[in-house]
Amino acid sequence: MRISVQEQDFSIDKEVEALVRGRGDIGAVATFSGLVRGDNGITQMTLEHYPGMTEKQLEAIAKDAMKRFSLDDCLIIHRYGTLKVGERIVLVITLSKSRKAAFQGAEFLMDWLKTQAPFWKKESNGNESKWVDAKAEDKHTQEKWK
Amino acid sequence: MRISVQEQDFSIDKEVEALVRGRGDIGAVATFSGLVRGDNGITQMTLEHYPGMTEKQLEAIAKDAMKRFSLDDCLIIHRYGTLKVGERIVLVITLSKSRKAAFQGAEFLMDWLKTQAPFWKKESNGNESKWVDAKAEDKHTQEKWK
Amino acid sequence: MQILYFSRVREAIGKDEETLTPPADVTTVDGLLNWLSTKDEGYEQAFKNRDGLRAAVNQTFSPMDAPIKHGDEIAIFPPVTGG
Amino acid sequence: MQILYFSRVREAIGKDEETLTPPADVTTVDGLLNWLSTKDEGYEQAFKNRDGLRAAVNQTFSPMDAPIKHGDEIAIFPPVTGG
């Protein structure tokens, strides 16, 4: 299990390799990356977070996913700072014997990150910037796992 | 949309980058890799396929996924030949505005590959080798999408 | 008591962190926000719409009526938008 | 008519491909397998358990009663196990 809150970008290949290395019991690796989308003239996004609490929350979410889906391992990397359109914000990886658990674990991690990780996004179109509103939809999506 | 049936390994980063490059409308990238698992002393696996038909089937499955889940793009790489435990067999990638569509598209691609792509696996423990039996479970999983 | 502000709340108040000692009758997050609102119009504006606020006590998401005490770390922020 | 064999079927028959001209009354995949089974014990063994066989006609999965004609590409194999 690896958690990282960082400014720099990541390599999916390197992270997968580090998780899989030395073990022959993994059949399924699911990954999800979230990217900055350039809707409505948005050119970049700034992510603020709550240092200390963020790491605690990511750790708790990852542990929960491991248990719920009997994952063999998982990873969450969440970036902060200013990111341009097309840049990666978040990466989750899940390892399992079966593809169903790997997919479900990754989807769970993403759904929970949306409502349980203390990050706030501010979008900018180059002239003005605006805090992103939380989506009621994300709250409902998260609740379906309860 | 990219389809490849190949012997050599792949890079998830490179494939994702090639799909995302130059576009700012992608919010979600899901990937799935299937690995050779070393259950019951298995040390390697040989994949046989039906050249010509394989490409046609992968193309048809990818097109179907694009339409069903309104994906922005997708990729399937399926390897053949002899692969050791821990090596990657298959990669699917889906691009979408929303994470739900990306996850569903990737899961659909994998479920359909299991029953609709003309590949056959033979496992070896170093001494003897044995063709893998198709799982009734995979047939049912595929049928849920109908 | 250490109080942290994030996102819109941080911008509205104009600081990200402060250490305060509220009076003894301030025993919940809500009570803290009420007390701060009486002190200064900036707080009053920032805390006006309570439905749009969330809180964490000692780095754990907590309801507005959660108890708080001397030495706690309290954070006030809008609903999170990560992932 | 070109006939391809894969996996267990290929191993049982001992070849991966052959070109044959079945008699005119062979008009389905099943008919082809029946005709081949009468020719040689190797085919008979390979095609004994029809439940364990699948077919493709011109690179499209097809049922065992699918019609076949001169010039078609027929493939016989066990259920697929890719992915």
Side-chain angles (χ1 to χ4, degrees), chain A residues 3 5 32-37 45-61 76-81 83 88-92 106-123 128-142, chain C residues 1-20 22 28-30 32-33 36-37 42-83:
Chain A
I3 297 302
V5 183
F32 182 89
S33 328
L35 276 60
V36 180
R37 226 166 60 194
M45 180 178 273
T46 300
L47 281 117
E48 179 173 330
H49 78 114
Y50 182 171
M53 181 171 170
T54 309
E55 291 80 356
K56 268 179 60 173
Q57 286 294 102
L58 299 195
E59 189 105 10
I61 294 167
I76 305 174
I77 297 179
H78 205 306
R79 296 173 71 189
Y80 62 90
L83 303 173
R88 278 109 55 105
I89 303 165
V90 63
L91 173 67
V92 308
E107 206 168 345
F108 171 88
L109 286 173
M110 284 308 305
D111 286 350
W112 280 60
L113 281 174
K114 292 271 171 191
T115 60
Q116 300 297 312
F119 284 92
W120 298 273
K121 287 174 181 154
K122 193 174 197 176
E123 294 172 337
E128 48 188 14
S129 56
K130 194 179 143 294
W131 290 101
V132 174
D133 286 316
K135 283 188 244 167
E137 177 197 325
D138 286 331
K139 189 75 191 151
H140 293 137
T141 307
Q142 184 234 312
Chain C
M1 200 174 280
Q2 196 175 17
I3 311 176
L4 290 81
Y5 308 109
F6 292 101
S7 177
R8 277 193 190 104
V9 180
R10 176 179 55 71
E11 288 183 344
I13 291 171
K15 52 185 139 188
D16 54 8
E17 182 171 347
E18 60 190 324
T19 304
L20 294 171
T28 65
V29 177
D30 251 333
L32 175 69
L33 300 191
L36 285 166
S37 296
Y43 290 115
E44 200 191 335
Q45 281 298 316
F47 300 151
K48 208 173 41 187
N49 173 22
R50 297 284 164 98
D51 284 348
L53 295 182
R54 298 291 180 274
V57 177
N58 298 323
Q59 305 192 346
T60 301
F61 287 118
S62 301
M64 284 294 166
D65 61 357
I68 58 173
K69 60 181 191 307
H70 184 74
D72 281 349
E73 176 179 309
I74 320 291
I76 311 295
F77 43 76
V80 303
T81 55

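Because the structure is predicted, anything quoted here is derived from the model rather than measured. Chain letters run A, B, ... following the sequence lines, proteins first and then strands; every chain starts at 1.
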Give, as side chain, backbone, both or neither, the part of Arg54(C) having an atom under 4.5 angstrom from any heavy atom of chain A.
-> neither

Where does Asn58(C) contact chain A at under 4.5 Å (heavy atoms): side chain, backbone, both or neither?
-> backbone

Mind ranking Gly34(A), Gly52(A), Ala60(A) by heavy-atom pairs under 4.5 Å with chain C and telling me who comes out on top?
-> Gly52(A)

Mind checking the [atom1]-[atom2] spacing from [X] to [Y]? Nearest 0.5 Å is all I need.
| X | Y | atom1 | atom2 | result |
| --- | --- | --- | --- | --- |
| Lys121(A) | Ser7(C) | NZ | OG | 12.0 Å |
| Thr81(C) | Lys135(A) | OG1 | NZ | 10.0 Å |
| Arg8(C) | Glu48(A) | CZ | CD | 11.5 Å |
| Trp131(A) | Phe6(C) | CH2 | CZ | 10.5 Å |

Is the backbone of Thr60(C) close enough, under 3.5 Å, to the side chain of Lys56(A) for a donor and an acceptor to pair up by distance?
-> no

Ignoring hydrogens and geometry, is there a side-chain-to-backbone donor-acceptor pair from Trp120(A) to Gly82(C) under 3.5 Å?
-> no

Quick one: list whatever passes side-chain hydrogen bond (donor to acceptor under 3.5 Å, both in side chains) with Gln2(C), sequence neighbours left out.
-> Glu17(C)

Non-hydrogen atoms of Ala134(A) and Val80(C) that approach each other most closely = CB-O, 3.7 Å

For Ala56(C) and Met53(A), which heavy atoms make the closest approach, and how far apart are they?
-> CB-SD, 3.7 Å

Side chain from CB out, backbone as N, CA, C, O: work out which of these in Gln57(A) comes under 4.5 Å of a heavy atom of chain C, or both, or neither.
-> side chain

Please state whether the side chain, the backbone, both or neither of Asp133(A) comes within less than 4.5 Å of a heavy atom of chain C.
-> both

